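These notes concern the structure reproduced below.
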There are 2 protein chains.
Amino acid sequence: MPPTKVKSAEIDTSPKRQPRSGGKPKGDATGKPRPLTRIQREKQDIILEAALEVFSLHGFRGATIDQIAEVAGMSKPNLLYYFPRKEEIHRRLISQLLVTWLAPLQEMDANGDPFPEIRSYIRRKLEMARDFPRESRLFANEMLQGAPRIIEMIEVDLKNLVDEKARVLLAWMDQGKIARRDPYHLIFSIWATTQHYADFDVQVRAVLGPARGGEGRFEDAAHYLEQLFLYGLTPRPNLKS
Amino acid sequence: MPPTKVKSAEIDTSPKRQPRSGGKPKGDATGKPRPLTRIQREKQDIILEAALEVFSLHGFRGATIDQIAEVAGMSKPNLLYYFPRKEEIHRRLISQLLVTWLAPLQEMDANGDPFPEIRSYIRRKLEMARDFPRESRLFANEMLQGAPRIIEMIEVDLKNLVDEKARVLLAWMDQGKIARRDPYHLIFSIWATTQHYADFDVQVRAVLGPARGGEGRFEDAAHYLEQLFLYGLTPRPNLKS
DNA sequence: CTAACATTTTTCCAACTGGTCAAAATTCTG
DNA sequence: CAGAATTTTGACCAGTTGGAAAAATGTTAG
């Protein structure tokens with residue numbers, strides 16, 4: 001359908017308005033950025049939500065602003081009014097994400113009992129894979145591409161946290177409370193096994209088939225992983241359940 | 001540097017050649033496609049190699065033909081002479097990949113001893129992560145995007161193979177040779193833990209740091225995973241080593 | 001109400017995208 | 001070597017991309 005807009009091509013005798021700003025606000029002469037308006041907060045949230053959807057599915061380069069704008073239900077220039085560049089949106093998503101992402105590990109308590117702590121950690125991670133699969137995929141996408149926009153955070157924040165928790169694990173091992181294993185690879189294997197259920201969800205569901213691929217798969221996975229990390233595959237005779 | 005090509009802009013008095021074919025060959029009037037020439041085989045390999053590099057890093061949508069052509073060291077139209085569409089290249093890579101990808105699991109022998117068989121499977125998978133990280137990432141990229149171009153193969157070939165091997169594992173469990181675990185999630189966890197070292201390589205290296213992030217990380221991983229799948233984290237008293 | 005600011009839309013653009021085409025260059029093959 | 005077939009190239013194209021500019025429309029404090 002052609003746009004058929006007439007666009008006031010006729011004579012316009014109304015008093016000419018002074019060209020009003022038209023630029024972006026976000027700061028007056030004083031230099032201090034003024035607080036976001038209600039609309040700004042709302043729209044930014046809508047955009048970030050839409051961007052998460054698109055970025056997590058196609059990666060940074062594969063995602064387009066038009067696509068994000070469409071999912072967000074607004075025009076591209078309107079979107080660009082809130083985030084002047086594509087990278088900006090992505091950066092915001094990623095840095096927001098990393099905080100959420102580290103939380104479960106952060107909660108692992110050095111003063112708790114090792115097995116319940118580790119089991120809880122696995123559960124929390126698995127719940128995140130279930131409840132925030134897009135965030136997981138966004139993260140995975142970034143990793144696959146060599147983490148160009150996130151590498152410093154990985155090398156500093158993430159590494160520091162893992163170093164700290166590795167020491168916790170080592171202490172538990174020294175006390176003979178858990179088997180002596182490489183704590184770094186232990187953490188890697190928890191990440192890998194849990195995030196797998198978000199990142200490779202299609203595969204998991206396809207392989208499990210309709211019968212077992214339903215929502216129950218997360219409970220099955222939780223139970224399996226618990227057993228794996230506790231006992232591995234060595235059969236233990238005389239075990240109830 | 002500007003190309004400075006003169007390109008014979010002068011008068012050309014040479015006898016005008018009849019416009020010769022110029023089209024693509026790949027079949028004559030008989031309809032049967034003739035075998036590939038040496039150049040065709042070579043160039044296709046170069047292109048596929050370059051495409052693997054680019055697709056594995058940016059995913060299908062994020063990769064561009066120009067990029068692939070540049071990595072392959074040829075012009076875009078030249079590349080398109082061998083693969084008339086972008087999708088064609090990707091499809092070839094993916095279907096090639098899946099064969100390689102399934103091989104390690106295929107080798108798991110129902111008549112072998114469970115633990116050596118499983119351990120070998122883990123090792124082979126880990127070696128693939130080490131030696132073919134781009135293939136792993138290509139696969140992961142496809143999965144993250146919902147496997148649009150591969151889903152049927154997953155649902156048929158992959159599922160059938162996993163079903164078959166799940167039965168093997170179940171038989172071993174029935175014989176009491178390994179602990180009773182969900183065989184599907186067992187396979188998932190082997191995939192996840194091993195592929196992690198290819199797909200999240202940046203993260204792994206960043207977290208391990210320069211000291212432990214070298215090539216030795218794969219040996220460490222292999223040893224750790226062996227222990228994990230064998231015994232889990234339960235400490236076992238009186239164990240040599 | 002209205003001026004000042006905030007938001008949205010329209011229009012536009014240059015670079016890039018996947019892909020075509022014919023001519024030119026090169027490589028077989030007898 | 002000639003002629004045919006194959007391979008490579010340069011010019012080009014239409015659609016998409018990220019983004020700029022400015023005009024049009026809303027909103028709100030005084």
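Chain identifiers are assigned alphabetically (A, B, ...) following the order of the sequence lines, protein sequences preceding nucleic acid strands; residue numbering begins at 1 within each chain. Quick caveat: nothing in here was measured; it's all calculated off a predicted structure.
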Using salt bridge (Lys or Arg N to Asp or Glu O under 4.0 Å) as the criterion, list what pairs up with [X], not counting sequence neighbours.
X: B:Arg124; answer: B:Glu107
X: B:Glu42; answer: B:Arg38
X: B:Asp66; answer: B:Lys76
X: A:Lys86; answer: none

Dump every N/O contact between nucleotides 27-30 of chain C and the protein below 3.5 Å, one line per pair.
| from | atom 1 | to | atom 2 | distance (Å) |
| --- | --- | --- | --- | --- |
| C:dC28 | OP2 | B:Arg38 | NH2 | 2.9 |

Within the structure, does a side-chain N or O atom of B:Gln40 lie under 4.0 Å from either OP1 or OP2 of D:dT7?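 Yes, within the criterion.
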Distance flag, aromatic centroids of A:Phe83 and A:His90, threshold under 6.0 Å: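 Centroid distance A:His90-A:Phe83: not below 6.0 Å, so no.
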What pairs of nitrogen or oxygen atoms, one from the protein and one from nucleotides 13-16 of chain C, lie under 3.5 Å apart?
none

Using residues 45-58 of chain B as the side-chain source, report each donor-acceptor pair under 3.5 Å to any protein atom, sequence neighbours left out, with the distance given to one decimal.
| from | atom 1 | to | atom 2 | distance (Å) |
| --- | --- | --- | --- | --- |
| B:Glu49 | OE1 | B:Arg134 | NH2 | 3.2 |
| B:Glu49 | OE2 | B:Arg134 | NH1 | 2.9 |
| B:Glu49 | OE2 | B:Arg134 | NH2 | 3.4 |
| B:Glu53 | OE1 | B:Arg134 | NH1 | 2.6 |
| B:Ser56 | OG | B:Leu52 | O | 2.8 |
| B:Ser56 | OG | B:Glu53 | O | 3.1 |

Mind listing the residues from residues 51-63 of chain A sitting with a heavy atom below 4.0 Å of DNA chain D? Number order is fine.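 Residues of residues 51-63 of chain A under 4.0 Å from DNA chain D: A:Ala63.
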By the side-chain hydrogen bond (donor to acceptor under 3.5 Å, both in side chains) test, which pairs, at least two apart or in different chains, include something from residues 203-215 of chain A?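 Qualifying pairs: A:Asp201-A:Arg205, A:Arg212-A:Asp220, A:Arg212-B:Asp182.
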Would you list the pairs meeting salt bridge (charged side-chain N to carboxylate O under 4.0 Å, His left out) in which at least one residue belongs to residues 150-159 of chain A, sequence neighbours left out?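 Of all non-adjacent pairs touching residues 150-159 of chain A, those that pass salt bridge (charged side-chain N to carboxylate O under 4.0 Å, His left out) are A:Lys159-A:Asp163.
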Has A:Asn78 got a side-chain atom pairing as donor or acceptor with A:Met74's backbone, closer than 3.5 angstrom?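 Side chain of A:Asn78 to backbone of A:Met74, a donor-acceptor pair under 3.5 Å: no, none is there.
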From the list D:dG19, C:dT8, C:dG19, which nucleotide is the closest neighbour of the side chain of A:Lys43?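 My answer, after comparing the listed nucleotides, is C:dT8.
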Please name all residues satisfying ring-ring contact (aromatic ring centres under 6.0 Å, His included) with B:Tyr224, sequence neighbours left out, ordered by chain then number.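 Partners of B:Tyr224 by the ring-ring contact (aromatic ring centres under 6.0 Å, His included) criterion come out as none, since no residue qualifies.
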Name every residue in residues 86-95 of chain B that has at least one heavy atom under 4.0 Å from any atom of DNA chain C, in order of residue number, or write none if there are no such residues.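 DNA chain C contact set from residues 86-95 of chain B: B:Lys86.
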Quick one, B:Glu127 and B:Phe218 - any side-chain contact, counting heavy atoms below 4.5 Å?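 With C-beta onward as the side chain, the pair stays apart.
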